[in-house]
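Okay, structure first, notes after.
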Amino acid sequence: MTAVGPLATARELLREFPVVDGHNDLPWALREQVRYDLDARDIATDQSAHLHTDLARLRAGGVGAQYWSVYVRSDLPDAVPATLEQIDCVRQLVARYPQTLAPALTAADMEAARSQGRIASLMGAEGGHSIANSLATLRALYALGVRYMTLTHNDNVDWADSATDEPGVGGLSAFGRAVVREMNREGMLVDLSHVAATTMRDALDVSEAPVIFSHSSSRAVCDHPRNIPDDVLERLPSNGGMAMVTFVPKFVLQAAVDWTAAADENMREHGFHHLATTPEAMKVHRAFEERNPRPVATVSTVADHLDHMREVAGVDHIGIGGDYDGTAFTPDGLSDVSGYPNLIAELLARGWSKPDLAKLTWQNAVRVLGAAEDVARGLQATRAPSNATIESLDG
């Protein structure tokens with residue numbers, strides 16, 4: 001009788017408890033590459049030459065729910081309409097592929113999609129600039145289906161500090177705290193990826209609902225400001241939230257940090273945004289890499305982060321957020337959305353139990369969204385929508 005290896009066991013587990021991935025930037029890639037021409041990037045066909053994501057590879061990766069990021073760059077002059085275009089893109093994708101993708105707004109919707117063998121499709125906004133300092137706009141995004149918002153992206157907003165910008169308000173301003181409270185009231189998850197550690201701590205002080213990190217790893221394992229300090233991870237059990245490990249090499253591999261800084265500067269010298277992934281931008285990336293071979297992260301690199309995050313926060317408070325189609329480079333063995341079984345196999349080989357892996361892949365994320373819904377129901381019974389303005393609270 002042939003022994004069943006970790007990879008086969010991983011695939012079997014993912015059939016029952018598929019991956020809820022916290023962050024995929026496919027909508028932005030579609031905007032950048034083809035201006036939302038879904039015929040030109042038909043993800044029902046092999047898109048491996050252009051994208052990390054297509055339907056077949058989502059299936060091969062054991063993905064059962066995906067938070068599609070409706071990200072827009074923070075330097076865009078019209079962030080709100082651009083965010084609406086991103087939302088529209090996700091809605092078009094779900095309508096175009098109904099046999100595979102299921103619209104999802106709630107934890108119950110996620111479970112229903114799993115029972116149907118479809119991929120629950122949720123949305124998360126990336127960066128508080130998408131609400132233009134307006135609580136009414138925040139509520140409108142929720143009404144359109146957005147179920148988390150990252151408080152910042154790479155730059156500060158007027159009311160919250162980013163991990164990769166100079167300190168502005170020292171964490172959250174008074175209006176920033178009002179944003180968190182209104183997100184709690186709506187049932188929108190407060191996403192603390194990208195924010196400064198001061199903002200993380202302030203948000204945990206204010207939030208009445210579980211928070212998430214949709215795509216962040218451990219700062220103790222890789223000292224990058226995009227990652228989560230241990231003192232913050234330690235607070236997740238009392239908050240009920242979760243941290244979803246990302247795969248981006250420059251956030252998970254210490255040796256990649258200096259290389260990435262040089263690569264980003266090279267992009268700027270050539271007139272590109274350092275996060276650009278257009279074909280022209282990628283040519284510049286590849287030329288730089290030929291001259292300067294990049295340090296390579298692996299499945300084991302990511303597993304090291306999960307081992308540490310489980311030790312500090314507990315297995316009930318971790319998940320996965322790969323950041324596919326939002327990064328130029330990926331770890332060996334995790335090159336696209338088909339790679340999740342390789343990570344689960346690595347964790348099995350390290351002694352993770354099947355019940356613990358079921359929490360990592362599916363159960364924690366469903367629980368956290370459901371808990372946010374429960375908090376919102378209670379708050380809506382006692383608290384009216386806030387009409388506060390940034391001028392009234394921050395001066």
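Given the structure is predicted, the values throughout are model-derived calculations rather than measurements.
Applying the 6.0 Å contact sphere to CZ of Arg91 captures no more than 12 heavy atoms from other residues, nucleotides or ligands. Atom CD of Glu166 has 12 or fewer heavy atoms from other residues, nucleotides or ligands within 6.0 Å.
Summarising the geometry of Ala82 relative to Leu76, their closest heavy-atom pair is CB-CD1, 4.0 Å, with the distance given to 0.1 Å. Nearest heavy-atom pair across Pro249 and Ala256 is O-CB, 3.6 Å. Residue Pro210 comes nearest to Asn239 through the heavy atom pair CA-OD1, 3.2 Å, listed as atom of the first residue, atom of the second, then distance. In terms of heavy atoms, Arg367 sits closest to Gly240 at NH1-O, 3.0 Å. Here the closest non-hydrogen pair linking Ala281 and Met267 is CB-CE, 3.6 Å. Scanning both residues, Arg226 and Ser193, for their nearest heavy atoms gives NH1-CB, 4.0 Å.
Side-chain contact check for Arg350 and Ser300: at least one donor-acceptor pair (N or O, by modelled atom type) lies under 3.5 Å. Inspection of the Asp155 and His153 side chains reveals no N or O donor paired with an N or O acceptor under 3.5 Å. Between the side chains of Trp68 and Asp25, no donor-acceptor pair of N or O atoms lies under 3.5 Å. Counted by atom type alone, Gln33 and His50 present zero donor-acceptor pairs between their side chains at under 3.5 Å. Side-chain contact of Ser69 with Asn24: a donor-acceptor pair under 3.5 Å is absent, judged by distance alone. Asp161 and Thr199 share no donor-acceptor pair across their side chains, judged by distance under 3.5 Å alone. With hydrogens and angles left out, the side-chain atoms of Ser216 and Asn227 include no donor and acceptor closer than 3.5 Å. With no hydrogens or angles considered, a side-chain donor-acceptor pair links His194 and Asn154 at under 3.5 Å. A side-chain N or O of Gln86 and one of Tyr36 form a donor-acceptor pair less than 3.5 Å apart. Glu126 and His215 form a side-chain donor-acceptor contact under 3.5 Å, judged by distance and modelled atom types alone. Remark: the Asp323 side chain and the Thr246 side chain contain no N/O donor-acceptor pair separated by less than 3.5 Å. A donor-acceptor contact closer than 3.5 angstrom is absent between the side chains of Glu85 and Thr83.
In this structure, Thr382 OG1 and Arg377 CZ are separated by 14.0 Å, a value rounded to the nearest 0.5 Å. Distance check, rounded to the nearest 0.5 Å: CD of Gln47 to OG1 of Thr53 gives 10.0 Å. Interatomic distance, Leu84 CG to Cys89 SG, rounded to the nearest 0.5 Å: 13.0 Å. Note that CG of Asp109 is 8.0 Å distant from CG of Leu122, once rounded to the nearest 0.5 Å.
Ion pair Arg219/Asp230 not flagged as a salt bridge, since none of the NZ, NE, NH1 or NH2 atoms sits closer than 4.0 Å to an Asp/Glu carboxylate oxygen. Using a 4.0 Å cut-off between charged side-chain N and carboxylate O, Lys283 and Glu280 make no salt bridge. A salt bridge links Arg114 and Glu111; the closest N-O separation between the charged side-chain nitrogens and carboxylate oxygens is under 4.0 Å.
Checked by atom type and distance alone, the side chain of Asp54 never pairs as donor or acceptor with a backbone atom of Asp46 at under 3.5 Å.
Test Tyr324, Tyr340, Tyr67 against Asp21 for side chain to side chain donor-acceptor pair (under 3.5 Å) and you get one pass: Tyr340.
Hydrophobic clustering of Ile, Leu, Val, Met, Phe, Trp and Tyr side chains at less than 4.5 Å, counting indirect connections, unites Tyr142 with Met123. By the criterion of side-chain heavy atoms lying less than 4.5 angstrom apart, applied directly or through intervening Ile, Leu, Val, Met, Phe, Trp or Tyr residues, Val302 is not grouped with Leu253; the two fall into different hydrophobic clusters. Note: the hydrophobic cluster containing Val232 also contains Leu151 (ILVMFWY, side chain heavy atoms under 4.5 Å, direct or indirect links). With hydrophobic clusters built from ILVMFWY side chains whose heavy atoms lie under 4.5 angstrom apart, Met183 shares a cluster with Leu144. No continuous path of ILVMFWY side-chain contacts below 4.5 Å connects Leu275 to Phe247, so the two sit in separate hydrophobic clusters.
For Gln363, there are no side-chain hydrogen bond (donor to acceptor under 3.5 Å, both in side chains) partners, not counting sequence neighbours. Residues forming a side-chain hydrogen bond (donor to acceptor under 3.5 Å, both in side chains) with Asp158 (at least two apart in sequence, or on another chain): Asn133.
Both the sub-6.0 Å distance and the 45° axial angle are not jointly satisfied by Arg177 relative to the ring of Trp159.
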Residues 92-103, side-chain donor-acceptor partners within the protein, below 3.5 Å, at least two apart:
from, atom 1, to, atom 2, distance (Å)
Gln92, NE2, Asp88, OD2, 2.7
Arg96, NH1, Asp39, OD1, 3.3
Arg96, NH2, Leu38, O, 3.4
Arg96, NH2, Asp39, OD1, 2.8
Tyr97, OH, Asp42, OD1, 2.6
Tyr97, OH, Ile43, N, 3.2

Quick one: do Arg286 and Glu290 satisfy salt bridge (charged side-chain N to carboxylate O under 4.0 Å, His left out)? Show the steps, please.
CA-CA 6 Å; Arg286 284 190 288 270; Glu290 286 176 7; over 6 Å; no
